[in-house]
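To keep things clear, I will list the structure first and then write my remarks on it.
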Amino acid sequence: LKNAKSVQAIQYLSRLYVWKGDTERALELISAGLANPTPDANHHAELLFNRALVYQYQKPELALENIDQAITLANEPANWLTRAKLEELRADIFYQQNRSVEALRGYLKSQSFYDQIQSPVNTASLQLKLAALYIGNQQPEMARRSFLKAKTAIQQKEIVREIVINDIN
């Protein structure tokens with residue numbers, strides 16, 4: 001791997017293999033990317049995130065280890081989207097393990113990063129996860145609030161999209 005663009009290509013390609021379910025090929029690419037001595041911290045964190053995605057269901061403790069490693073790399077404001085995704089994935093794993101308090105903490109931490117970078121799509125998705133968590137914990141009013149926040153984020157995104165389309169026309 002000669003440059004950061006190669007590492008970035010591996011990062012995206014490995015994510016595609018994860019989504020496709022070809023975890024063996026994804027892990028090969030991730031290992032190649034992590035072996036590169038020159039990737040920046042954020043690319044390295046993204047590769048660890050991808051590896052955590054591979055391990056999320058079959059080896060959740062190994063996924064959490066990869067997330068912890070990646071979080072130490074994604075501490076700069078320029079990397080807050082990566083940090084938010086890592087915190088959200090950690091919370092997803094806690095949610096799958098019925099560790100509701102830890103999941104809630106992780107989702108709220110992730111939301112704080114999404115708020116900083118003003119990411120309405122990620123906010124909406126996260127608020128829907130929070131609503132599900134609250135429903136599971138018999139907190140219907142909190143679930144309703146999270147659902148309404150998701151709805152508002154989606155509506156804001158639609159307003160921005162309409163403004164952009166109108167400006168183009």
Is there a path of hydrophobic side-chain contacts, each under 4.5 Å between heavy atoms, that joins [X] and [Y]?
X: Ile67; Y: Tyr95; value: no
X: Val18; Y: Leu27; value: yes
X: Leu133; Y: Met142; value: yes
X: Phe147; Y: Leu104; value: no

Which residues pass the salt bridge (charged side-chain N to carboxylate O under 4.0 Å, His left out) test with [X], sequence neighbours left out?
X: Asp115; answer: none
X: Glu141; answer: Arg144, Arg145
X: Glu102; answer: Arg99

| query | Any donor-acceptor pair under 3.5 Å linking the side chain of Asn42 with the backbone of Thr82? | reply |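 No; zero donor-acceptor contacts below 3.5 Å.
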**Pair Leu81-Phe113, side chain to side chain contact (heavy atoms under 4.5 Å, CB included): steps then yes or no** = CA-CA 7 Å; Leu81 177 59; Phe113 286 106; over 6 Å; no
How many angstroms lie between atom [atom1] of [X] and atom [atom2] of [Y], to the nearest 0.5 angstrom?
X: Ile30; Y: Leu47; atom1: CD1; atom2: CG; answer: 6.5 Å
X: Glu46; Y: Ile10; atom1: CD; atom2: CD1; answer: 14.0 Å
X: Leu148; Y: Thr152; atom1: CG; atom2: OG1; answer: 6.5 Å
X: Ile117; Y: Trp80; atom1: CD1; atom2: CH2; answer: 9.5 Å
X: His43; Y: Leu34; atom1: NE2; atom2: CG; answer: 12.5 Å
X: Asn137; Y: Asn98; atom1: CG; atom2: CG; answer: 9.5 Å

Min side-chain heavy-atom separation [X]-[Y] under 4.5 Å:
X: Phe49; Y: His44; value: no
X: Leu89; Y: Lys85; value: no
X: Leu130; Y: Leu108; value: yes
X: Ile154; Y: Pro120; value: no
X: Leu126; Y: Tyr114; value: yes

Q: Can you see which heavy atom on Leu48 is nearest to which on Leu73, and at what distance?
A: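 Looks like CD1-CD1, 3.9 Å.
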Do any side-chain atoms of residues 51-62 form donor-acceptor pairs under 3.5 angstrom with protein atoms, and if so which ones, sequence neighbours left out?
{"residue": "Arg51", "atom": "NE", "partner": "Asn66", "partner atom": "OD1", "Å": "2.6"}
{"residue": "Arg51", "atom": "NH2", "partner": "Asn66", "partner atom": "OD1", "Å": "2.9"}
{"residue": "Glu61", "atom": "OE2", "partner": "Gln97", "partner atom": "NE2", "Å": "3.2"}

With Arg25, which residues qualify under side-chain contact (heavy atoms from CB on, under 4.5 Å), at least two apart?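 Counting only residues at least two positions away or on another chain, Arg25 forms a side-chain contact (heavy atoms from CB on, under 4.5 Å) with Tyr17, Asp22, Glu28, Leu29.
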Assess the residue pair Phe94 and Leu64 against the criterion (side chain to side chain contact (heavy atoms under 4.5 Å, CB included)); give the C-alpha distance rounded to whole Å, side-chain angles, the decisive distance to 0.1 Å, and a yes or no. CA-CA 9 Å; Phe94 289 149; Leu64 290 170; 3.9 Å; yes
Qualifying side-chain hydrogen bond (donor to acceptor under 3.5 Å, both in side chains) pairs with a residue from residues 119-129, counting only residues at least two apart or across chains: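 The answer is Glu88-Lys129, Asp92-Lys129, Gln111-Thr123, Gln111-Gln127, Ser119-Asn122, Gln127-Ser146.
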